[in-house]
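For clarity, every value in this text was computed on a predicted model and none was experimentally measured. Convention: sequence-line order gives letters A, B, ...; per-chain numbering from 1.
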Number of protein chains: 2
Amino acid sequence: MQTLGTKALILDVALHRFAEHGYNGTSLNEIADKVGIRRPSLLHHFPSKEALYRAVLLDAFADWFALLEVAVAGDVKRGWPQVERVLRAAFRFFEDHPDFVRLARWEALEGGPMLSQELGDLLRPFFDRGTEFLEREMDAGRLRRYDARQLLLTGYGAVLSYLSDASLMTSLLDVDPLSIKMLAARREHVIDVLRNALQP
Amino acid sequence: MQTLGTKALILDVALHRFAEHGYNGTSLNEIADKVGIRRPSLLHHFPSKEALYRAVLLDAFADWFALLEVAVAGDVKRGWPQVERVLRAAFRFFEDHPDFVRLARWEALEGGPMLSQELGDLLRPFFDRGTEFLEREMDAGRLRRYDARQLLLTGYGAVLSYLSDASLMTSLLDVDPLSIKMLAARREHVIDVLRNALQP
DNA sequence: CACCATCAACCTACACCTAGGTAGGCGACA
DNA sequence: TGTCGCCTACCTAGGTGTAGGTTGATGGTG
């Protein structure tokens with residue numbers, strides 16, 4: 001049942017590998033082997049390792065941007081309920097796309113193969129929209145006052161680190177941090193902390 | 001004025017390189033060049049790349065463990081003031097040891113060159129002591145109730161991500177995230193958020 | 001003091017492997 | 001007959017690690 005074309009299959013396998021071991025830790029041979037072709041055949045579909053990586057990264061982020069667009073559409077609610085709505089949407093996305101989380105983390109750490117700047121530019125509009133929303137709600141007294149940009153970065157760290165650093169979490173928690181149960185516990189915890197910090 | 005012996009100099013340079021580019025992204029040639037010797041001379045001091053990496057990592061963590069010992073010594077205060085005391089000590093350490101932060105992040109992401117388990121074992125006692133402290137204070141009503149372990153992990157993510165993902169922060173903030181001013185802003189922000197989340 | 005053995009720290013040269021990427025051929029199929 | 005997708009064979013760069021030699025400091029001994 002391999003409905004995926006070879007190209008899509010390559011992207012799929014590469015996403016897993018890059019997410020797991022990063023750019024430097026992944027070889028084209030590994031990817032090709034898992035796809036079931038030889039390396040030169042892989043390079044027939046993508047001109048270079050870096051081109052493949054870019055394609056993987058942009059694909060992954062396209063999904064994330066699409067979700068963000070939907071999640072913030074209309075600013076349906078105000079104050080904390082809207083924050084919680086977006087948070088839950090984000091959590092659901094991250095839980096469904098663990099490879100995306102790790103890929104993003106590698107990219108953020110490495111500064112990427114000269115791609116980080118570009119990604120930052122794509123991320124920036126969403127960051128600014130988030131900032132504006134938070135500032136508006138704080139001004140209206142519906143959220144406790146903080147530096148809105150710092151607050152977004154705090155959310156970023158609190159949400160993503162747990163998911164990206166799974167092996168460390170396993171050492172500390174003695175359970176699979178990515179099990180359904182632990183993911184739910186994590187989600188509710190973060191939301192709980194932020195609610196208490198944000199509600200006036 | 002090179003008061004450092006060659007071995008210490010190697011460790012120093014290697015720490016920088018591993019922190020910046022990770023294990024796979026760093027070659028012994030780079031390190032040797034920067035030290036001012038040839039690679040075989042470097043391998044005279046450390047038997048292999050992995051041995052060098054282990055030495056770097058254990059050194060870095062030894063400093064961190066030493067600080068933790070001091071910071072938690074005596075549980076001088078109770079409730080939030082003690083939490084804030086430890087937080088500030090940790091921030092100061094991280095600001096003084098940016099390479100440590102990034103090294104830890106690489107290690108957590110990569111699962112490390114088979115070292116992560118070992119590191120987890122070293123970290124574990126501190127994690128458990130933190131958990132116990134928080135639970136005691138929560139039971140006494142001096143801190144708002146959360147899952148203590150989740151809370152520690154939230155702190156981990158919120159504090160370290162900003163410092164380790166500096167290149168991403170630069171893209172989003174348009175300023176040097178590691179400047180004295182921004183570091184202070186970050187510190188006060190995180191403490192502020194956690195205070196509001198934790199004080200009953 | 002003169003002599004010699006030892007050893008640490010460095011070097012050059014080399015062996016070996018794996019990586020990414022290229023050249024060119026072969027078969028299937030429109 | 002052309003083109004697509006794949007192959008084998010090959011190239012080069014760069015990585016880790018080893019072999020073996022040089023130098024210079026140390027330190028015991030006649």
Side-chain angles (χ1 to χ4, degrees), chain A residues 1-59 103 106-107 109-116, chain B residues 1-59 103 106-107 109-116:
Chain A
M1 171 117 173
Q2 93 149 357
T3 77
L4 265 56
T6 303
K7 194 158 180 171
L9 189 55
I10 291 171
L11 284 169
D12 195 58
V13 170
L15 170 61
H16 274 81
R17 289 273 151 180
F18 284 136
E20 203 66 24
H21 307 296
Y23 183 82
N24 286 319
T26 302
S27 78
L28 293 183
N29 272 319
E30 288 171 28
I31 300 174
D33 280 1
K34 201 142 195 189
V35 169
I37 59 178
R38 305 290 127 227
R39 181 168 28 84
S41 311
L42 191 156
L43 288 168
H44 171 75
H45 293 277
F46 298 90
S48 70
K49 180 181 181 182
E50 199 167 312
L52 170 59
Y53 180 74
R54 284 179 61 94
V56 165
L57 202 65
L58 294 179
D59 264 25
L103 196 66
W106 279 108
E107 191 57 26
L109 240 196
E110 229 176 335
M114 70 210 78
L115 186 49
S116 211
Chain B
M1 166 118 176
Q2 93 148 356
T3 76
L4 265 59
T6 303
K7 193 159 181 170
L9 189 54
I10 292 171
L11 283 170
D12 196 57
V13 170
L15 169 61
H16 273 79
R17 290 272 151 180
F18 284 136
E20 202 67 23
H21 306 296
Y23 183 82
N24 286 317
T26 302
S27 79
L28 294 182
N29 273 319
E30 289 171 26
I31 299 173
D33 280 1
K34 199 140 197 191
V35 170
I37 59 178
R38 305 291 128 227
R39 181 168 28 83
S41 311
L42 191 155
L43 288 168
H44 170 76
H45 294 277
F46 298 90
S48 69
K49 180 180 180 181
E50 200 167 311
L52 171 58
Y53 180 75
R54 284 179 61 94
V56 166
L57 202 64
L58 294 178
D59 265 24
L103 197 67
W106 280 107
E107 192 57 25
L109 241 195
E110 227 175 335
M114 70 211 79
L115 186 51
S116 209

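Taking the side chain as every heavy atom from C-beta outward, A:Glu107 and A:Tyr53 approach each other to under 4.5 Å. Looking only at side-chain heavy atoms (C-beta outward), A:Glu110 and A:Asn24 come within less than 4.5 Å of each other. Within the 4.5 Å cutoff, no side-chain heavy atoms of B:His16 are placed close to those of B:Lys34. The shortest distance between side-chain heavy atoms of B:Leu11 and B:Phe46 falls below 4.5 Å. Contact annotation: the side chain of B:Asn29 never approaches that of B:Arg38 to less than 4.5 Å [non-hydrogen atoms, C-beta and beyond].
Atoms CD (A:Glu50) and P (C:dA19) sit 18 Å apart, rounded to a whole Å. Atom pair A:Ile37:CD1 and D:dC4:C1' shows a separation of 13 Å (rounding to whole Å applied). Separating the CZ atom of A:Arg38 from the C1' atom of C:dG24 is a distance of 18 Å, rounded to the nearest angstrom. Look at CG on A:Asp33: it is 14 Å from P on D:dC6, rounded to the nearest Å. Distance, B:Leu52 CG to D:dG17 P: 10 Å, rounded to whole Å. Straight-line distance from the CD1 atom of A:Ile31 to the P atom of C:dA19: 11 Å, rounded to whole Å. Look at CG on A:Leu28: it is 6 Å from P on C:dG21, rounded to the nearest Å. If you measure from atom OH of A:Tyr23 to atom P of C:dA19, you get 13 Å, rounded to the nearest angstrom.
Residues from residues 39-47 of chain A with heavy atoms under 4.0 angstrom of DNA chain D, sorted by number: A:Pro40, A:Ser41, A:His44, A:His45.
Of the side-chain N and O atoms in B:Ser48, none sit less than 4.0 angstrom from OP1 or OP2 of D:dT16. Contact annotation: B:Asn29 side-chain N/O to D:dG14 OP1/OP2 distance is not under 4.0 Å.
B:Lys49 places a side-chain N or O within 3.5 Å of a backbone atom of B:Tyr23 that can act as its donor or acceptor partner.
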